[in-house]
Number of protein chains: 2
Amino acid sequence: MSVGRSAPPQRTLPVLADVARLSGVSEITVSRVIRNKGPISAKTRERVLHAVAETGYVPNRLAGALASADSMLVGVVLPSVTNIVFADVLRGIHEALAPSGYQPVVGVTGYDADEEERVVRSLLAWQPAAIILAGFEHTDGTRRMLAASRIRVAEIMDIDATPIDVAVGLSHRSAGRDIARYLLSRGYRRFGYVGHDWDSDHRARLRFEGLVDELSAQGLGVVAERRIAGPSSTLAGRETLAGLLATGERPDVVVFSNDDMAVGGYFHCLAAGLEPRRDVGLFGFNGLEIGAALPLRLSTVRSNRFLIGKLAAEALVARPDRPDDTAIINTGYEIEAGETA
Amino acid sequence: MSVGRSAPPQRTLPVLADVARLSGVSEITVSRVIRNKGPISAKTRERVLHAVAETGYVPNRLAGALASADSMLVGVVLPSVTNIVFADVLRGIHEALAPSGYQPVVGVTGYDADEEERVVRSLLAWQPAAIILAGFEHTDGTRRMLAASRIRVAEIMDIDATPIDVAVGLSHRSAGRDIARYLLSRGYRRFGYVGHDWDSDHRARLRFEGLVDELSAQGLGVVAERRIAGPSSTLAGRETLAGLLATGERPDVVVFSNDDMAVGGYFHCLAAGLEPRRDVGLFGFNGLEIGAALPLRLSTVRSNRFLIGKLAAEALVARPDRPDDTAIINTGYEIEAGETA
DNA sequence: TCGACAAATGACAGCGCTGTCATTAGTGAA
DNA sequence: TTCACTAATGACAGCGCTGTCATTTGTCGA
């Protein structure tokens, strides 16, 4: 049991010394057995593992990480955990890290760059081996900390800018272009757009810009457009499409900033007696499961969120030191034809 | 810069000693300034903070936590991060902890008790001040570790059993009873049930049992019931209701194990030309936003997930030592009438 | 049996910070 | 000016483990 300086009266958990005493070897040998590092005789290993079980010893990662200068932690900084997009990313991160011994530590920024700086500072205090950030938009303070720390950095979701270290995601600008091309090939000519706050979702803006670029190249444009100031949601999508169609403009297809909004648009059509595709095409982004469960499967782009999280985490732990040059891992996207456009 | 034993050649981050040298005070004074602990003269504080900014010093929480026997970490063990229910809980936890200095560390169990044991062991190695677990079902190994650690433990989501320390949630058995009472008061008499895997969702089973108990007390029962072996999803709900109704049984209302399943049931009705409530009532559980965005708002029970997470985290950090007696914090639930039942 | 080599184990120092008690500096009253 | 008390600061030891080098033990071949 740990005794020493007059710490507050608290739990007396077994430490290495207790296991060492019981198994008749030194602390460092016990440590070697537990970490499975270096040569250990089978006999010693058995005695130590028996003593571990008997004492109920749990390693102290604080001490181990401090002594070894390797916390085995990976910081994960996400705008939101309730947005299924990032929840899928987090699932990919967890799955990639589970066999590696690395542990994710999650901070939430609420889509705010100043909050991201605070979260990053707080996470860096834990000396993580790596950190995962969403997007490329950071404060100068955040950038300075990341530069000073020299740890691996993955910027995820987007690959349309130069990363600090490695970027993992898809080109949202290209996705916007491909959406336009695809819908044009389906015969649509009058485009509407329903979106949400671009300040917090830069990637939605990039997709819109790609869409507009491609339409422009074909001598077309967006005939009706409406964006809300807040976050995306199904209800917001429903209401915003209602508002857009109430203007009298008659787009033959409406591109939504994401699937949440598009599902809401679908609900508006149900309530307004419009049939998706026959009366107006609906097109989302992300390829969420709920879109596939609709009576008419939502037409959308599948972004590989799980894969983004998984590949980002794998890239970081595969090489602990930061390379001199930057890298981009393109997880791509797929048009999901569906039945609404 | 930190120099000492021959650690691997790596980043040389500033430590307390660097700040101390630059500001002309001792390390412990620098530490006091940063932690805002004990008496500090304004002049000294200013010199230290200036040196901190100049060196870019980031505290090392590994060292601080080890030395102070207080990691300021809270372990959070969740079955899933993609299930919006737990994502909302996590949001509540993050919000409660943000002003407290405590940092959540999340592990994911995939609804598996053995995996929960592994995650708990892994989290305990970080000496968290407290831990949050979902539900009451743990392995003996998990229980032994939690008993030995003496840290605060919140078991969340359910209050229908005796907790290790504190339970935060609602009574699912009561909710099932109240659902039955409510629907009976609406005139429904022929009950159907569509559910998902009870092995991973014990609380769905409790609600079902409460429902059946109350119906039984009124001389009634469930006339048609179908459960799938896997997790809940909108698509599963859609398909399972289709299968249930194809049996020829004609329930006048169908209770679903949760909103995901109920929304899927709604989609089946749309595709099958059935009108919710007029042709068959639909009743969910959880009060998710997507249910409220449907053309006809889903009838459901609102479980206060955010509040569960928030109150659990607050309870844990409010008192660091584990009380001798257990406690239950009932976050309650509300019937949301909606328009489908 | 002895010597060489490899396997196994241990001693030492220290990772970066903080609890605790000791010391110093500052302030106010007589 | 001196003394008493409080505020401010510092020295010391150690939290629990691990990197590194030294020492011991075991094995095999001559």
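This one's a predicted model, so the numbers in the text were calculated from it and none came from an experiment. Just so it is clear: chains get the letters A, B, ... in the order the sequence lines come, proteins before strands, and each one is counted from 1. Every heavy atom of this structure was used, including side-chain atoms; hydrogens, water molecules and symmetry mates were not.
Backbone-only engagement by Ile40(A) is indicated by non-hydrogen atom pairs under 4.0 Å involving sugar-phosphate atoms exclusively.
Checking dG10(C), dG10(D), dC17(C) against the side-chain heavy atoms of Ile28(B) singles out dG10(D) as nearest. Distance from the side chain of Pro39(A) is smallest to dA7(C) among dT9(D), dG14(C), dA7(C). The side chain of Lys37(B) has dG19(C) as its nearest neighbour among dT9(D), dG19(C), dG16(D). Comparing dT9(D), dT18(C), dA11(C) against the side chain of Arg32(B) picks out dT9(D) as the nearest. The listed nucleotides are dC17(D), dA11(D), dC17(C); the one nearest the side chain of Tyr57(A) is dC17(D). Side-chain proximity of Arg61(A) to the nucleotides dG19(C), dG16(D), dT18(D) is greatest for dT18(D).
In this structure, Lys43(A) atom NZ and dT27(D) atom P are separated by 11 Å, rounded to whole Å. The interatomic distance linking Arg47(A) (CZ) with dA8(C) (C1') rounds to 12 Å, in whole Å. Distance Glu27(A) CD to dA13(C) C1': 13 Å, rounded to the nearest Å. Straight-line distance from the CG atom of Leu66(A) to the P atom of dC15(D): 14 Å, rounded to whole Å. If you take CZ of Arg45(B) and C1' of dA8(D), they are 12 Å apart, rounded to a whole angstrom. In this entry the distance linking CG of Leu16(A) with P of dG10(C) reads 13 Å, nearest Å.
Here the rule is side chain to side chain donor-acceptor pair (under 3.5 Å) with His138(A), and of Arg144(A), Arg143(A), Glu155(A), Glu117(A) only Glu155(A) fits it. Of the residues listed (Val30(B), Val48(B), Asp18(B), Leu16(B)), the one engaging Tyr57(B) in a side-chain contact (heavy atoms from CB on, under 4.5 Å) is Leu16(B), and it is the only one.
A donor-acceptor pair shorter than 3.5 Å can be found between the side chains of Ser122(A) and Gln103(B).
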